[in-house]
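Working notes for the structure below.
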Amino acid sequence: MRTILVGLCILVDLAGTAARATELKPDTAAAFDRYVHAMEARMDEEAGRDQFLVVDRLPEPRRTEAYGQLKNGQVYIEAMSAREGDRPIKAPSGLIHHWAGVIFIPRATFSEVTEVLRDYDCHEDTYKPQIRRSKLIERNGDESKIYFQFFNHSIVTVILNANFDVRDTQFGSGRFQTVSRSTRIAEIENADSPNEHEKPVGNDHGYMWRLYTYWRIEEKDGGVYVQNESVSLSRTVPALLAFVVNPLVKSIPRNVLIHLLTDTRNAVEKAEAIPSTPATEPPKNEGTGVGRAEISGSADGLYLSVCGQSPACSGKSDILLTVSSGGLEAW
């Protein structure tokens with residue numbers, strides 16, 4: 001999400017339209033709904049074929065290689081797409097952004113990871129600064145209603161109030177899925193001031209109109225695989241600025257996936273370490289700051305070695321970036 005917002009903030013700044021609203025049109029929203037329907041049908045089919053994670057559908061020997069890389073601390077990231085038959089699904093006057101990432105947390109358990117993902121009141125701490133505020137509104141069995149306030153600062157500051165309906169599904173004893181579907185996203189103007197207010201829903205700058213997030217976890221191989229697949233809808237890019245903005249808006253959103261996945265790993269590892277931490281020991285900074293990156297690779301994949309500032313990263317971790325046919329052009 002952060003990459004999408006950065007690109008669109010630059011778009012607004014370059015176009016000089018910071019004060020001009022963009023309306024979410026019915027056919028744009030309808031196209032997004034069709035896209036989600038096709039995407040969820042694909043996910044159900046793959047789960048039925050025992051392809052619970054996106055890496056499971058890779059052909060051999062690529063699948064074995066990807067699992068080996070995950071066990072070595074790398075993050076798998078892939079640009080995704082949904083289709084109706086052989087045709088891509090496009091949103092008129094809008095852009096659909098669809099990505100998936102997987103990480104492996106060694107020695108973690110199923111319950112430890114699900115506890116972090118379902119502890120919505122603590123998400124403002126687990127996933128800060130992207131999530132500024134978080135609240136569990138209600139929980140009824142496997143269904144919940146939650147509130148997040150998203151934050152991004154690049155050229156301009158973007159703050160969004162978002163409400164989600166959440167459904168949890170257990171697949172046997174070692175697989176779990178939680179799906180969050182936005183029901184309301186409102187852009188905030190003049191945040192933290194006496195004049196703070198929301199812009200009309202669907203009639204704003206169009207930074208993000210929809211956000212559906214699919215977490216999947218699977219316990220095996222002496223730990224837990226954690227996957228985040230998300231799809232969002234934003235305003236379109238004017239043709240005049242497309243050549244400038246498209247590489248930003250359509251590029252691999254490594255920042256948001258790195259933060260979501262590594263923040264989840266850090267929260268699980270922090271929870272595991274609590275019993276052995278002396279009460280007098282000052283709290284440690286579990287941030288996921290990135291200090292240095294080195295990129296190498298070939299035509300079908302990129303490896304990003306990241307030197308992190310987080311103690312949980314033990315200095316350096318590798319991130320595998322792969323792209324679909326459309327994603328490669330964007331990168």
Side-chain angles (χ1 to χ4, degrees), residues 1 35-37 39-48 50-56 75-78 80 82 97-105 108-128 130-131 133-150 162-185 208 210-220 223-232 253 256-271:
M1 184 192 69
Y35 189 100
V36 168
H37 178 77
M39 179 189 69
E40 292 183 347
R42 183 220 87 213
M43 295 180 71
D44 291 342
E45 290 174 3
E46 290 176 348
D50 201 30
Q51 297 174 348
F52 191 66
L53 304 175
V54 292
V55 292
D56 293 331
V75 180
Y76 178 90
I77 302 175
E78 183 178 348
M80 307 291 290
H97 316 269
H98 185 186
W99 303 90
V102 187
I103 200 170
F104 179 65
I105 309 177
T109 65
F110 179 89
S111 59
E112 289 170 343
V113 178
T114 55
E115 183 176 348
V116 168
L117 294 181
R118 300 182 79 229
D119 191 2
Y120 299 111
D121 287 335
C122 289
H123 278 202
E124 61 189 52
D125 296 319
T126 302
Y127 300 107
K128 62 183 178 183
Q130 284 79 15
I131 296 180
R133 297 172 187 166
S134 63
K135 182 177 177 60
L136 172 64
I137 299 174
E138 64 177 66
R139 176 171 285 156
N140 183 15
D142 293 332
E143 297 183 355
S144 305
K145 294 184 182 296
I146 62 175
Y147 159 79
F148 288 158
Q149 185 176 94
F150 293 118
N163 292 84
F164 296 86
D165 284 346
V166 183
R167 173 177 285 275
D168 299 331
T169 305
Q170 184 104 14
F171 295 86
S173 60
R175 290 177 173 178
F176 175 82
Q177 173 180 277
T178 180
V179 179
S180 303
R181 299 179 176 92
S182 61
T183 57
R184 181 181 186 273
I185 298 179
M208 188 167 66
R210 298 284 189 275
L211 176 62
Y212 288 13
T213 301
Y214 304 76
W215 288 94
R216 281 186 169 181
I217 73 166
E218 182 171 15
E219 182 175 358
K220 62 182 181 180
V224 176
Y225 294 91
V226 181
Q227 174 177 294
N228 177 281
E229 183 170 350
S230 61
V231 58
S232 60
V256 65
L257 285 177
I258 291 169
H259 276 289
L260 284 173
L261 294 169
T262 58
D263 286 352
T264 301
R265 178 178 61 190
N266 289 345
V268 171
E269 292 178 344
K270 183 176 181 180

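The structure displayed is predicted, hence computed values, not measured ones.
Between Gly141 and Arg118, the shortest heavy-atom distance links the atoms O-NH2, 3.8 Å. Nearest heavy atoms, Leu261 versus Gly101: CD1-C, 3.6 Å. For the residue pair Met80 and Val54, the shortest heavy atom distance occurs at CE-CG1, 4.0 Å. Closest approach of Leu211 and Ile185 over heavy atoms only: N-CD1, 4.0 Å.
Taking 4.5 Å as the limit, some side-chain heavy atom of Tyr147 sits within range of a side-chain heavy atom of Arg133. Here the side chains of Phe104 and Val224 are not in contact, with every heavy-atom distance at 4.5 Å or above. Contact check for Tyr212 versus Ser182: side-chain heavy atoms found under the 4.5 Å cut-off. In this structure the side chain of Phe110 reaches within 4.5 angstrom of the side chain of Gln170, judged on heavy atoms. Between Glu112 and Ile105 there is no side-chain heavy-atom pair separated by less than 4.5 Å. Counting heavy atoms from C-beta outward, Thr264 and Ile103 have side chains that stay 4.5 Å or more apart. Between Asp165 and Lys145, some side-chain heavy-atom pair lies under the 4.5 Å cut-off. Using a 4.5 Å heavy-atom threshold, the side chains of Val226 and Arg265 count as separate.
In summary, the side chains of Tyr76 and Glu78 do present a donor paired with an acceptor at a separation below 3.5 Å, with no hydrogens or angles considered.
The only member of Thr178, Val179, Val166 that meets side-chain contact (heavy atoms from CB on, under 4.5 Å) when paired with Trp215 is Thr178. The side-chain hydrogen bond (donor to acceptor under 3.5 Å, both in side chains) with Tyr214 is formed by just one residue from the set Glu40, Gln227, Glu229; it is Glu40.
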Original post:
When you look at Asp56 and Asp50, which way does the side chain to side chain contact (heavy atoms under 4.5 Å, CB included) test go after all the steps?
Top reply: CA-CA 8 Å; Asp56 293 331; Asp50 201 30; over 6 Å; no
Original post:
Please walk me through it: do Arg210 and Val36 pass side chain to side chain contact (heavy atoms under 4.5 Å, CB included)?
Top reply: CA-CA 11 Å; Arg210 298 284 189 275; Val36 168; over 6 Å; no
Original post:
Do Arg167 and Gln177 pass the side chain to side chain contact (heavy atoms under 4.5 Å, CB included) test, and can you show the C-alpha distance, the side-chain angles, and the key distance before you say yes or no?
Top reply: CA-CA 8 Å; Arg167 173 177 285 275; Gln177 173 180 277; over 6 Å; no
Original post:
Step by step, would you call Thr169 with Asp142 a side chain to side chain contact (heavy atoms under 4.5 Å, CB included)?
Top reply: CA-CA 7 Å; Thr169 305; Asp142 293 332; over 6 Å; no
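For Lys220, the NZ atom counts as densely surrounded, since its 6.0 Å shell holds more than 12 non-hydrogen atoms of other residues, nucleotides or ligands.
Note that CD1 of Ile131 and SG of Cys122 are 11.5 Å apart. Values are rounded to the nearest 0.5 Å. Here the straight-line distance linking atom CZ of Phe176 with atom OG1 of Thr114 works out to 6.0 Å at 0.5 Å rounding. Atoms CG and CG, from Asp119 and Asp125 in turn, are 9.5 Å apart once rounded to the nearest 0.5 Å. The distance from the CE atom of Met39 to the CG atom of Asp44 is 10.0 Å, given to the nearest 0.5 Å. Here the CZ-CE distance, from Phe52 to Met43, works out to 8.0 Å after rounding to the nearest 0.5 Å. In this structure, Lys270 NZ and Thr126 OG1 are separated by 8.0 Å, a value rounded to the nearest 0.5 Å.
With hydrogens and angles disregarded, no donor-acceptor distance shorter than 3.5 Å links the side chain of Glu143 to the backbone of Asn140.
Classification of Glu218 and Arg175 as a salt-bridged pair holds, one side-chain N sitting under 4.0 Å from a carboxylate O. By the 4.0 Å N-to-carboxylate-O rule, Glu46 lies close enough to Arg42 to be salt-bridged with it.
Relative ring orientation between Phe148 and Phe164 is described as tilted, the plane-to-plane angle lying within the 30° to 60° band.
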